[in-house]
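The next block holds one structure in the form of structure tokens; read it before the comments.
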Amino acid sequence: MQTIKRFVIPVVLLGVLLVLAGCAGVGDRQSEGAAGDCKSTIEWVDFLKLNDITYSYNSEGTEEITDGQQEKQIGEVAYMLDGHACTDHVSHNGDAAYLPAGTPVYAMKGYKPSYRVIAANKVYEAERNPHAKTLGDLWDIDGKIAKVSLESGIDGSPIGDFTPDASAVFAEELPGLENVGFDTIYKDNKPEYGIFLRVHLIDGTSFRMVFYENANAFTAGAYGTEALRDVIVSERTRIKQAAGM
């Protein structure tokens with residue numbers, strides 16, 4: 001199987017862009033054709049939008065919600081795209097791909113609602129936030145990173161963990177990076193193979209990041225520091241050598 005190349009838009013982001021890139025205006029939901037009128041079958045990425053923030057379901061790094069994790073209700077779904085919208089739909093606050101209208105959205109214990117929310121017993125994480133100036137604004141992870149690990153770019157399987165010192169450098173540098181957005185990273189750099197990372201948080205949850213060495217950039221929409229690039233590249237080399245790769 002061929003290794004995934006950079007700037008083939010990640011699945012989650014592709015779905016978000018598809019939703020955002022349509023031509024329907026605000027208030028046009030009632031006039032849109034039903035999904036049966038669309039020219040192709042649509043497989044939406046599992047997302048929701050609330051308070052101008054686009055969240056996506058973290059299906060790999062979180063588990064079903066346990067008692068005590070769900071806090072106060074902060075909103076609810078107003079419109080479900082699946083079965084109702086075509087690809088020219090423009091997302092609005094209250095939209096969700098697969099959550100029925102009326103589904104309540106809750107804050108999650110231990111995290112700012114601008115980063116993580118709960119709906120239908122699933123964790124949704126911020127993918128895009130127009131008000132986030134840094135990755136620390138986008139993701140409430142400052143002081144919450146336990147370790148970083150390297151994953152296969154082919155099948156996502158774990159290869160090995162960063163050393164504690166390397167993980168500490170990563171945790172220190174990442175939140176302060178300027179949030180320039182994926183579009184800027186994609187437009188300003190040449191394609192290259194990505195380094196697949198998993199960031200593990202202290203509560204046992206995790207999320208994936210992809211880093212591009214030559215661009216010194218993340219698909220999350222930020223350029224790295226030299227310290228970050230050095231630690232990621234050196235740890236990749238060490239881990240792969242230890243794994244006989």
Please tabulate, one pair per line, all N/O donor-acceptor pairs under 3.5 Å involving side-chain atoms of residues 161-171, not counting sequence neighbours.
unit_1: D161; atom_1: OD2; unit_2: K147; atom_2: NZ; d: 2.9
unit_1: T163; atom_1: OG1; unit_2: A166; atom_2: N; d: 3.1
unit_1: S167; atom_1: OG; unit_2: V148; atom_2: N; d: 3.1
unit_1: S167; atom_1: OG; unit_2: T163; atom_2: O; d: 3.3

Can you tell me if [X] uses its side chain to pair, donor with acceptor, with the backbone of [Y] under 3.5 Å?
X    : Y    : result
N179 : A132 : yes
N129 : H131 : yes
N93  : N51  : yes
D142 : G136 : no
D188 : I185 : no

**Message:** For S59, give me all partners under side chain to side chain contact (heavy atoms under 4.5 Å, CB included), at least two apart in sequence or on another chain.
**Reply:**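 By the side chain to side chain contact (heavy atoms under 4.5 Å, CB included) rule, S59 matches Y57.
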**Item:** Sequence-distant partners of N121, side chain to side chain contact (heavy atoms under 4.5 Å, CB included), two or more places apart
**Value:**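 Per chain and number, N121 pairs via side chain to side chain contact (heavy atoms under 4.5 Å, CB included) with E64, I65, Q70.
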For [X] against [Y], the heavy-atom pair lying closest together:
X    : Y    : answer
L50  : Y55  : O-CE1, 4.0 Å
F218 : G224 : CE1-CA, 4.2 Å
G194 : V210 : CA-CG1, 3.9 Å
S149 : H200 : OG-NE2, 2.8 Å
A107 : I118 : O-CD1, 4.1 Å

**Message:** Looking at E63, I'd like to know if its CD atom is crowded, meaning that more than 12 non-hydrogen atoms belonging to other residues, nucleotides or ligands lie closer than 6.0 Å.
**Reply:**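 Atom CD in E63 is not crowded, with 12 or fewer foreign heavy atoms closer than 6.0 Å.
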**Message:** Quick one, I195 with L150, criterion side chain to side chain contact (heavy atoms under 4.5 Å, CB included). Give me CA distance, side-chain angles, the key distance, then yes/no.
**Reply:** CA-CA 8 Å; I195 300 173; L150 181 71; 3.6 Å; yes
**Request:** Please report the C-alpha distance between Y79 and H89 in whole Å, then the side-chain angles of each, then the deciding distance to 0.1 Å, and finally whether the side chain to side chain contact (heavy atoms under 4.5 Å, CB included) criterion is met.
**Result:** CA-CA 12 Å; Y79 181 71; H89 175 81; 3.7 Å; yes
**Asked** Do NZ/NE/NH1/NH2 and the carboxylate oxygens of D52 and R128 come within less than 4.0 Å?
**Response**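 Looking at R128 together with D52, the answer is no, because their closest N to O distance does not fall below 4.0 Å.
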**Prompt:** Would you call K187-D183 a salt bridge at under 4.0 Å N-O?
**Reply:**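 D183 and K187: not salt-bridged.
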**Request:** Measure the shortest side-chain to side-chain distance between V117 and M108 over non-hydrogen atoms and say whether it is less than 4.5 angstrom.
**Result:**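 Answer no - side chains too far apart.
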**Asked** Does the side chain of F196 come within less than 4.5 Å of I159's, by heavy atoms?
**Response**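 Not in contact.
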**Request:** May I have all residue pairs that pass side chain to side chain donor-acceptor pair (under 3.5 Å) and include part of residues 102-113, sequence neighbours excluded?
**Result:**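 Applying side chain to side chain donor-acceptor pair (under 3.5 Å) to every pair that reaches into residues 102-113, excluding sequence neighbours, yields Y111-R116, Y111-D203.
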**Prompt:** Which pairs pass side chain to side chain donor-acceptor pair (under 3.5 Å) with one or both residues in residues 223-232, sequence neighbours excluded?
**Reply:**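 Residue pairs with at least one partner in residues 223-232: E173-T225, N189-Y223, E226-R229.
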**Prompt:** What's the verdict on side chain to side chain contact (heavy atoms under 4.5 Å, CB included) for N58 and T205, showing C-alpha distance, side-chain angles and the deciding distance?
**Reply:** CA-CA 9 Å; N58 183 338; T205 62; 5.8 Å; no
Any side-chain donor paired with an acceptor under 3.5 Å for [X] and [Y]?
X    : Y    : value
E127 : S56  : yes
D46  : Y124 : yes
R198 : S206 : yes

**Item:** For F207, all residues meeting ring pair (Phe, Tyr, Trp, His ring centres under 6.0 Å), sequence neighbours excluded
**Value:**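 Testing F207 for ring pair (Phe, Tyr, Trp, His ring centres under 6.0 Å), a comparison that skips the adjacent residues, returns W139.
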